[in-house]
Amino acid sequence: MLSKQKTTEVIAEMGELFPNAHCELIHENPFELLVAVMLSAQCTDKLVNRVTENLFEKYKKPTDYLEVTLEELMDDIRSIGLYRNKAKNIQATAKIIHEQYNDEVPESMKALVSLPGVGQKTANVVMSVAFDYPAIAVDTHVERVSKRLGICRYKDNVKEVEITLQKKIPQELWSVSHHRMIFFGRYFCTARSPKCPECPFLSFCREGKKQAKARGFDG
DNA sequence: AACTCGGGGCA
DNA sequence: TGCCCAGAGTT
């Protein structure tokens, strides 16, 4: 297990690798962010970005989603997996935000999680990114990277990963860390074929040693 | 804890 | 082809 100091150093180095990591997810309004993250479930970010580019031209406010039929919204996001559930959930959530929250995304974990299609992970992202709330959203990238680098244990569940990260990372870096680990997970520490030979953390990475043995490079 | 949704990307 | 992906809801 990595020490707190070593973990902080790793996060800092990820910041040098991806200086703009924290900017890319920040949308102009929290509602766009919420929709983007709802769409991203079980999809690659590349695919989501392709869809949202057109989607946010057409849909600006929560009520915009209520003025079209479910079929039309489904067509607008059809290239994404799970589009039927996502379209339903986005409409239902837009309706609640319009009717109960005066067209504003609620700034509370409890309220966010109660929205249809919004779970703990999505709520974490919205709170930390849109409202600057100190939280570390543990998605699959964050989980994989944390385990491989030894920040937490392989057997840890999502909650345990979150607790360990919050223990080992200074609070002012929580929100930033989320983004840096996502970028690192996307460009270096990918699920299937991580770029271990190019990785700055290879010297102490558990996964790197496995990969070196399996793929025949110097671990 | 296990199952389902689901089109696209990648090996 | 087969497996995986910025998860959430139901049983």
Side-chain angles (χ1 to χ4, degrees), chain A residues 14 18 20-27 30-56 70-71 73-97 105 109-131 133 135-148 155-162 165 174-196 207 211 214-216:
Chain A
M14 286 182 186
F18 307 106
N20 297 322
H22 194 232
C23 303
E24 282 210 10
L25 252 185
I26 297 182
H27 294 60
F31 183 66
E32 276 195 1
L33 175 66
L34 176 61
V35 173
V37 180
M38 289 177 76
L39 287 172
S40 72
Q42 291 300 100
C43 284
T44 57
D45 58 309
K46 206 180 280 184
L47 198 50
V48 174
N49 289 337
R50 190 199 299 167
V51 168
T52 52
E53 201 169 334
N54 296 324
L55 196 72
F56 293 154
L70 177 60
E71 283 67 28
L73 182 54
M74 276 167 53
D75 278 338
D76 289 335
I77 65 171
R78 194 176 293 278
S79 58
I80 279 189
L82 311 178
Y83 60 88
R84 188 182 308 270
N85 287 338
K86 287 173 184 177
K88 277 186 196 169
N89 286 332
I90 288 169
Q91 275 196 329
T93 285
K95 185 173 165 67
I96 293 174
I97 289 179
V105 176
M109 267 306 225
K110 201 182 292 181
L112 283 170
V113 171
S114 72
L115 296 169
V118 180
Q120 195 70 37
K121 295 182 182 179
T122 303
N124 258 332
V125 174
V126 173
M127 288 303 284
S128 67
V129 175
F131 301 130
Y133 179 87
I136 296 179
V138 180
D139 52 48
T140 55
H141 283 316
V142 174
E143 184 174 353
R144 184 178 66 252
V145 168
S146 300
K147 291 182 176 180
R148 285 180 172 175
K155 63 178 179 183
D156 288 347
N157 60 36
V158 176
K159 192 63 192 172
E160 290 169 330
V161 174
E162 183 182 349
L165 287 173
W174 284 1
S175 170
V176 181
S177 302
H178 166 74
H179 293 90
R180 291 181 184 171
M181 283 191 276
I182 283 182
F183 273 68
F184 179 69
R186 186 198 301 174
Y187 293 114
F188 282 84
C189 203
T190 59
R192 293 194 217 167
S193 48
K195 298 177 178 167
C196 298
E207 185 68 19
Q211 293 283 334
R215 292 157 56 190

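Here is the naming used below: chain letters follow the sequence lines, and residue numbers restart at 1 for every chain.
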**Q** Whole Å only: how far is the CD1 atom of A:I77 from the P atom of C:dC5?
**A** 21 Å
**Q** Does any part of the side chain of A:M74, heavy atoms only, come nearer than 4.5 Å to the side chain of A:R84, both counted from C-beta?
**A** yes
**Q** Under the 6.0 Å and 45° cation-pi test, does A:R186 pair with A:F183?
**A** yes
**Q** Who pairs with A:R78 by side-chain hydrogen bond (donor to acceptor under 3.5 Å, both in side chains), at least two apart in sequence or on another chain?
**A** A:D75, A:Y83
**Q** Which residue pairs pass the salt bridge (charged side-chain N to carboxylate O under 4.0 Å, His left out) test when at least one of the two sits in residues 112-128 of chain A, sequence neighbours left out?
**A** none
**Q** Using the P atom in both, what is the distance from B:dC10 to C:dA6, to the nearest Å?
**A** 12 Å
**Q** Could you tell me the separation between the CD atom of A:E32 and the P atom of C:dA6, rounded to a whole number of Å?
**A** 22 Å
**Q** I want to check something: taking the side chain as every heavy atom from C-beta on, are A:P116 and A:I96 in contact at a cut-off of under 4.5 Å?
**A** yes
**Q** State whether the side chain of A:E53 and the backbone N or O of A:R50 hold a donor-acceptor pair below 3.5 Å, judged by distance alone.
**A** no
**Q** Does the A:T52 side chain pair with the main chain of A:L55, one donor and one acceptor, at a distance under 3.5 Å?
**A** no
**Q** Count the heavy atoms belonging to other residues, nucleotides or ligands that lie under 6.0 Å from NZ of A:K147, then report whether that count exceeds 12.
**A** yes
**Q** Using whole Å, report how far NZ of A:K195 lies from P of B:dA11.
**A** 10 Å
**Q** Listed in order of residue number, which residues of residues 135-144 of chain A have a non-hydrogen atom at under 4.0 Å from DNA chain C?
**A** A:T140, A:H141
**Q** What's touching nucleotides 9-11 of chain C from the protein side, N or O pairs under 3.5 Å?
**A**
| from | atom 1 | to | atom 2 | distance (Å) |
| --- | --- | --- | --- | --- |
| C:dG9 | OP1 | A:G117 | N | 2.7 |

**Q** Check whether any side-chain N or O of A:T93 sits under 3.5 Å from a backbone N or O of A:I90 as a donor-acceptor pair, and report yes or no.
**A** no
**Q** Under the rule for side-chain contact (heavy atoms from CB on, under 4.5 Å), what residues qualify as partners of A:Y133, not counting sequence neighbours?
**A** A:M127, A:A135
**Q** Mind checking the P distance from C:dT1 to B:dG6? Whole angstroms is fine.
**A** 23 Å
**Q** How close or far is atom C1' of C:dA8 from atom CE of A:M38, stated in whole angstroms?
**A** 9 Å
**Q** Distance check, P atoms only: C:dA8 and B:dG8, in whole angstrom units.
**A** 22 Å
**Q** What are the atom names and distances for every N/O pair under 3.5 Å that joins the protein to nucleotides 6-8 of chain B?
**A**
| from | atom 1 | to | atom 2 | distance (Å) |
| --- | --- | --- | --- | --- |
| B:dG6 | OP1 | A:R84 | N | 3.2 |
| B:dG6 | OP1 | A:N85 | N | 3.0 |
| B:dG6 | OP2 | A:R84 | NE | 3.4 |
| B:dG6 | O4' | A:L82 | N | 3.0 |
| B:dG6 | N1 | A:Q42 | O | 3.3 |
| B:dG6 | N2 | A:Q42 | O | 2.8 |
| B:dG6 | N3 | A:L82 | N | 3.4 |

**Q** What integer distance in Å separates A:L39:CG from C:dC5:C1'?
**A** 14 Å
**Q** Scan A:S193 against the nucleic acid and name what it touches under 4.0 Å (heavy atoms): base, sugar-phosphate only, or nothing.
**A** nothing
**Q** Give the rounded distance in Å between these two atoms: NZ of A:K121 and C1' of C:dC5.
**A** 11 Å
**Q** Of A:T122 and A:A191, whose closest DNA chain C nucleotide lies nearer the 5' terminus?
**A** A:A191
**Q** When rounded to the nearest Å, what value does the distance between P atoms of B:dC3 and C:dC4 take?
**A** 15 Å
**Q** Looking at A:K86 and A:A41, would you say the former's side chain and the latter's main chain have a donor-acceptor pair under 3.5 Å?
**A** yes
**Q** Are side-chain heavy atoms of A:S128 and A:W174 found at a separation under 4.5 Å?
**A** no
